[in-house]
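Chain A is the first sequence line, chain B the second, and so forth, proteins listed ahead of strands; every chain is numbered from 1. These numbers come from a predicted model, not from an experiment.
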Amino acid sequence: MNIFVAKLNFKSKKEELEAAFAKYGQVTSCKIVRDKETGRSKGFGFVEMPNDEEATAAIAALNEKEFDGRVIVVKIANPKQQD
DNA sequence: AATGAGCGT
C-alpha cells in the first residue's frame, strides 16, 4: 500500500515518517520528496506498507494529525508509473 | 535559494 503524506514540516526527515508509520504497522520503505537541485524538502512524501490493514490503520491514525509540530495529511497515494 | 497545496529522483 502506497501512502501519500503531505503538509510535512520542511525539516522532517524520512526516518521520522518511517518511525511514525512503523508504530502502527510494518514499513518497508519511505521517502520524502525533495528538490533535486536545492535539496530542500517539498513538504510531502510517501510511505510504503506491505500490510493493507496496517496501512489503513496508520493512515486513519496519522491523517490530519500533528507530526513534527505540523498537522499532516495522509492519504492513499496515486499509482506511480510502474510500467 | 524560497514556501504550504499537492502526488515521487
Side-chain angles (χ1 to χ4, degrees):
Chain A
M1 173 83 76
N2 288 25
I3 306 175
F4 172 70
V5 187
K7 298 287 294 297
L8 289 169
N9 197 322
F10 292 121
K11 49 181 175 62
S12 299
K13 59 192 72 169
K14 54 185 174 79
E15 324 175 332
E16 301 181 74
L17 272 183
E18 180 179 350
F21 280 81
K23 291 190 281 72
Y24 300 93
Q26 184 182 48
V27 178
T28 51
S29 61
C30 60
K31 184 181 65 177
I32 291 186
V33 183
R34 45 193 173 97
D35 194 278
K36 45 181 169 63
E37 300 184 56
T38 66
R40 302 301 177 189
S41 175
K42 290 184 178 176
F44 67 94
F46 294 90
V47 180
E48 188 174 356
M49 298 181 71
N51 262 336
D52 181 80
E53 49 184 328
E54 295 181 340
T56 308
I59 294 175
L62 296 172
N63 184 31
E64 298 182 300
K65 296 300 181 300
E66 185 179 298
F67 175 74
D68 198 65
R70 290 298 186 188
V71 180
I72 63 176
V73 178
V74 185
K75 302 184 299 188
I76 311 297
N78 295 329
K80 190 176 57 174
Q81 190 73 5
Q82 48 186 197
D83 179 65

**Q** Looking at A:N2 and B:dG8, is any side-chain donor or acceptor paired with a base atom of the opposite kind under 3.5 Å?
**A** yes
**Q** Mark yes or no for whether A:K65, through its side chain, and A:N63, through its backbone, hold a donor-acceptor pair below 3.5 Å.
**A** yes
**Q** To the nearest 0.5 Å, what is the distance between CD on A:E48 and CD1 on A:I3?
**A** 9.5 Å
**Q** Just by modelled atom types, is the A:D68 backbone N or O under 3.5 Å from a matching donor or acceptor in the A:N9 side chain?
**A**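 Yes, the answer is positive, given that a donor and an acceptor are paired below the 3.5 Å cut-off.
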**Q** In residues 4-14 of chain A, which ones come under 4.0 Å of DNA chain B, going by heavy atoms?
**A** A:F4, A:A6, A:K7, A:L8, A:F10
**Q** Rounding to a whole Å, what distance do you find between A:I32:CD1 and B:dG4:P?
**A**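 Distance, rounded to whole Å: 19 Å.
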**Q** Considering every strand and a 4.0 Å limit on heavy-atom distances, what is the contact class for A:I76: base, sugar-phosphate, or nothing?
**A**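 Touches a base.
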**Q** Look at A:K42 and B:dC7 and indicate whether a side-chain polar atom (N or O) is within less than 4.0 Å of OP1 or OP2.
**A**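 For B:dC7, OP1/OP2 do not have a side-chain N/O of A:K42 under 4.0 Å.
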**Q** Has A:D35 got a side-chain atom pairing as donor or acceptor with A:T38's backbone, closer than 3.5 angstrom?
**A**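 Checked: pair present.
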**Q** Does A:C30 offer a backbone N or O that forms a donor-acceptor pair with the side chain of A:E18 under 3.5 Å?
**A** no
**Q** Which pair of heavy atoms, one from A:E54 and one from A:G25, lies closest together, and at what distance?
**A**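 Taking every non-hydrogen atom into account, OE1-CA, 3.4 Å.
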**Q** Heavy-atom nearest nucleotide on DNA chain B for A:R70 versus A:R40: which residue maps closer to 5'?
**A**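 Nearest nucleotide further toward 5': that of A:R40.
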**Q** How close do A:F21 and A:V5 get, counting heavy atoms only, and between which atoms?
**A**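 Nearest pair, atom of A:F21 first, then A:V5: CZ-CG2, 3.6 Å.
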**Q** Do any of residues 43-62 of chain A sit with a heavy atom less than 4.0 Å from DNA chain B, and if so which?
**A**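 Under 4.0 Å from DNA chain B: A:G43, A:F44, A:F46.
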**Q** Quick one: does A:F10's side chain get under 4.5 Å of A:R70's, heavy atoms only?
**A** no
